[in-house]
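It should be emphasised that the depicted structure is a prediction, and the values quoted were computed from it without experimental measurement. Here is the naming used below: chain letters follow the sequence lines, and residue numbers restart at 1 for every chain.
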Amino acid sequence: MKKHILFFPSIFFILILLIFFYLLTIDRDPSKVPSALLNKNFPKFETESLLKEKKFVASKEFKDRIILVNFFASWCNPCRIEHDFIKRFSNNKKIKVIGINYKDNPKKANEWLKKLGNPYSNIALDKNGRIAIDWGVYGIPETFVVNSDGIIKYRHVGPINKKIYKKINKIINEN
Amino acid sequence: MKTKKLIFRKIIVITFFIFISTLFLKNVIAVEPDEILKNEKQEMRARIISKNIRCMVCQNQSIDDSNAPLARDLRLLIRDQIKDGKKDYEIYNFLTDRYGDFILLKPPLKLSTLALWFLPFLFFIIGIFVVFKYSKK
């Protein structure tokens, strides 16, 4: 009788242990939250451009091609780390790389781009961070892939590394 | 012997004051004076909403407690929307449309969260059942 009682709890306990062990070992970061905007239309906005005199109108810029949207700032160190990957993306003729300069000083942003090179075909200024809120951004750098129909296909929070670079390229080729 | 008693008494007094001071800690907030709305009723609403909204940067704090710049931006945004005459549910919808349900500190009751809400009760009932069944003898 007593053995019978102990049998089920021990099985249950081992099962819970296995689940915990599985969650520990898989490659996952609980601080990274999936975007609520996935598979939805990109949030439209109009603002000043860092590179051009003309206004930045998102609905005009996001057209016909796959767009890589990158939120960055000159004060953001991880942005510097991922910059080489963004440059590599700008060599890909299939896509257009758009930067959104988040809460930055335009002068400093220009200097930053001069020093490190400018991979962006156009840059929107988000001075007060309201555009970022519309995109559900909570920690820059953040990168989005928008397909040619204007649908958000992918979002990455944090600097792009080799693994993410490959992943984004795969998504670009699929779309 | 006497000194021992004195030390004991001191410890009790100190712990008492530590306990009392934690009661006041609850009132520490991140809202800055320039954010506060003039209309008290509106400000109250803003405070209640911000208490339910997660700071996405710190994740285990509400934006009402957090000093993160994004938390401040969201507090200001909530107050702007209240001033524009938006209803509470419209503000919550605005935020969840952008950041998902994760921005709510309390997960909403939905089909996908049923297990989260009701499994504890289920386990409680199973527990009672097990205790009664096996403790008879």
Side-chain angles (χ1 to χ4, degrees), chain A residues 1-13 15-16 19 28-45 58 69 71 73 75-76 78 100 102-105 126-142 144 152 154-158, chain B residues 34-35 49-50 53-63 66-81 84 86 91-105 107-108 110 112-113 115-116 119-120 122-123 126-127 129-137:
Chain A
M1 184 66 199
K2 241 186 181 169
K3 262 187 189 165
H4 174 74
I5 297 172
L6 281 173
F7 181 68
F8 285 106
S10 48
I11 292 278
F12 193 62
F13 181 68
L15 211 76
I16 289 177
I19 290 170
R28 150 194 108 104
D29 184 352
S31 72
K32 282 180 184 163
V33 187
S35 172
L37 293 166
L38 274 186
N39 295 321
K40 288 190 182 142
N41 269 312
F42 74 90
K44 291 176 179 58
F45 59 91
V69 184
F71 285 81
W75 49 261
C76 148
I100 298 183
Y102 179 73
K103 286 189 176 178
D104 205 354
N105 176 338
D126 185 15
K127 280 184 182 155
N128 56 12
R130 284 281 162 108
I131 295 170
I133 288 176
D134 277 340
W135 283 72
V137 167
Y138 62 88
I140 65 164
E142 283 197 26
F144 293 78
I152 293 176
Y154 181 72
R155 186 270 285 267
H156 175 71
V157 182
Chain B
D34 62 313
E35 294 173 25
I49 294 172
S50 356
I53 297 299
R54 184 192 306 275
C55 166
M56 299 293 285
V57 185
C58 357
Q59 302 206 343
N60 282 326
Q61 256 183 325
S62 74
I63 57 167
S66 171
N67 292 311
L70 180 65
R72 179 184 156 89
D73 289 349
L74 288 178
R75 284 197 302 268
L76 289 171
L77 188 136
I78 287 168
R79 282 169 174 79
D80 279 352
Q81 296 206 343
D84 289 347
K86 289 256 173 73
I91 298 173
Y92 285 123
N93 283 347
F94 177 90
L95 291 167
T96 50
D97 280 350
R98 284 155 182 76
Y99 289 97
D101 286 340
F102 186 67
I103 200 163
L104 306 171
L105 277 170
K110 275 183 173 178
S112 57
T113 57
L116 180 71
L119 270 186
L122 190 73
F123 280 124
I126 291 173
F129 177 74
V130 169
V131 166
F132 270 90
K133 188 152 189 214
Y134 292 107
S135 65
K136 267 186 183 157
K137 238 194 230 169

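Only the backbone of B:D97 has a heavy atom closer than 4.5 Å to any heavy atom of chain A. There is no contact between B:L95 and chain A, counting heavy-atom distances below 4.5 Å.
Scanning all heavy atoms of the two residues, the minimum distance from B:D80 to A:R130 falls at OD2-NH2, 3.2 Å. Between A:A36 and B:R98, the shortest heavy-atom contact is CB-O, 3.8 Å.
Among the candidates B:T96, B:D73, B:I103, B:V130, the residue making the largest number of heavy-atom pairs closer than 4.5 Å to chain A is B:D73.
Atom CG of B:L70 is separated from atom CD1 of A:I133 by 5.5 Å, given to the nearest 0.5 angstrom. For the atom pair A:L37 CG and B:Y99 OH, the distance stands at 9.5 Å (nearest 0.5 Å). Separating the OH atom in A:Y138 from the CZ atom in B:R54 is a distance of 11.0 Å, to the nearest 0.5 Å.
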